[in-house]
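The structure appears below as structure tokens.
Both ligands and their constituent atoms are indexed starting at 1 by order of listing.
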Amino acid sequence: MHCVRKVVDDLYWVGANEHRLALFENIHPIPRGVSYNSYVLLDEKTVLFDTVDWAVCRQFLENLDHVLNGRDLDYIVINHMEPDHGASLEEVLLRYPNAQVISTEKSIMIMHQFGFDIDGRTEQVQGGDTRSFGKHTIAFVEAPMVHWPEAMVSFDTTNGVLFSADAFGSFGALDGKLFQDEVNFDRDWIDDARRYYTNIVGKYGPHVQDILKKAATLDIKVICPLHGPVWRGDFEYILDKYDKWSSYTPEEKGVLIVYASMYGNTESAAQVVAAKLVEKGIKNISVYDVSNTHVSYLVSDAFKFSHIIFASVTYNLGIYPVMHDFLMHIKALNLNNRICGIVENGSWAPKSGSLMRKFLDEEMVQMSVLNSEINMISSMGENNLGELDNFVNNLVDSMKD
Ligand code: FEO
């Protein structure tokens, strides 16, 4: 059975929702599922904007067939060729043998790399090009490295609809809803939107800043991303989030405490630090055990908060491996501009504190590490109370404007 939604006059959502996939990109947990969005424009010509992941191809084809209602498909605009959107392209080409693919040179190259039979069926465009399909004229805007090199966005100059590729997307299945005003985005979606952006696109902040500047020149009425809700209002809200995330500006003044604990002693210290901070009036705190929290959630909160405390036991004379993995993730995603605190533990050769400081100082950029540390031998004791007070006071001072 088809399952489609009208977006605006002449434009329909023909995507599908996915609840069976455990790990997006085989890395990131998606307990709320995900949507793969695809859109059809019915003009003098018919135009499909992107396809969907192979897992939901059957539903998508049924939707497409329903909306076309007997008409042929003339064009397929591919804004992004990553397989969660491009995988069903070849099937669409088989079913609609007259359809031509419109995309960038790099995207067409990637179609060949995936083995798609597209010879004679492509029209290459570049940024600044336009195509008229009847009433609607589409302008193409290249968006390299948001977050693949071939990416572009398409703007309908007739009605102000922006097909934004992965930009402004989110984890989470739509489940009947389509628009941001049909959900409570700030309550139910923002954490997944942040986790999606930071883990998938977070590395490419400067490129996102470029596309935000281009977007600011357009009279946008609707934003149609490839995942998650369509935006037909509240643009300031989501643009502000994207501006902060892509400029590595903390969203909130607050403290992320991530601890690595083998026998509960470093965990106990993390709890003591959290309690002391709350006593000092710092209540915006999230505390996570690095060993049982998927790193995508830690990355998301690292982008959200202004301060990060790394509390780690020493393991084989090094940083606890799971904590090291978290550090490697935020380094890979170019996180910067955070104030960091270090809590070290070790029973016979404590090294994690000095090694985490070295990592933050030398392997990352603009990570300001507080001079005061907490250095425990096996567990926090009376002998640590002085440095605990110093550490907390310094952190609180660093939160004052
Ligand atoms: Fe949703 Fe970059 O693919």
Side-chain angles (χ1 to χ4, degrees), residues 13-39 48-57 59-60 76-92 101 103-104 106-111 113-114 116 140-154 162-174 178 189 192-208 210-212 215 223-231 238 241-242 245-246 296 299-300 329 332-334:
W13 177 85
V14 291
N17 292 294
E18 160 76 287
H19 277 287
R20 295 187 176 196
L21 185 69
L23 297 175
F24 188 81
E25 293 186 347
N26 214 11
I27 302 180
H28 310 294
I30 45 170
R32 295 177 57 246
V34 69
S35 74
Y36 304 107
N37 299 339
S38 173
Y39 306 90
L48 177 68
F49 289 87
D50 292 291
T51 72
V52 296
D53 190 271
W54 188 247
V56 295
C57 185
Q59 178 69 63
F60 156 71
I76 309 161
V77 171
I78 296 292
N79 287 302
H80 185 26
M81 197 43 215
E82 192 167 9
D84 57 328
H85 311 292
S88 301
L89 173 61
E90 200 169 33
E91 184 64 26
V92 175
V101 178
S103 200
T104 61
K106 282 197 178 76
S107 180
I108 291 168
M109 180 187 77
I110 291 172
M111 291 169 203
Q113 288 172 192
F114 280 115
F116 286 10
F140 303 103
V141 180
E142 290 184 35
M145 298 318 300
V146 181
H147 60 125
W148 272 30
E150 91 302 355
M152 69 174 184
V153 300
S154 303
L162 177 70
F163 300 93
S164 63
D166 274 341
F168 309 110
S170 177
F171 293 142
L174 290 165
L178 180 62
W189 283 78
D192 261 342
R194 183 188 306 103
R195 194 163 62 88
Y196 169 83
Y197 172 85
T198 56
N199 285 278
I200 308 292
V201 192
K203 180 181 175 69
Y204 306 103
H207 301 86
V208 176
D210 284 346
I211 198 70
L212 289 176
I223 299 174
C224 293
L226 288 175
H227 303 283
V230 168
W231 293 80
I238 193 66
K241 296 293 185 192
Y242 261 70
W245 297 337
S246 59
S296 64
V299 163
S300 182
H329 274 265
L333 294 167
N334 284 337

Side-chain donor-acceptor contact under 3.5 Å, Asn79 with His85: no
Please output the side-chain donor-acceptor pairs of residues 23-30 that fall under 3.5 Å, not counting sequence neighbours, one pair per line with the distance.
none

Value rounded to 0.5 Å, distance of CD in Glu18 from OH in Tyr36: 4.5 Å
Pro225 backbone acceptor or donor facing Tyr39 side chain under 3.5 Å: yes
Residues His147, His207; criterion ring pair (Phe, Tyr, Trp, His ring centres under 6.0 Å); working and verdict: CA-CA 8 Å; His147 60 125; His207 301 86; over 10 Å; no
Ser35 side chain to Ala173 backbone, donor-acceptor under 3.5 Å: no
Environment of atom 2 (Fe) of ligand 1 in terms of protein N/O/S atoms, cut-off under 2.8 Å: His80 NE2, Glu82 OE1, His147 NE2, Asp166 OD2
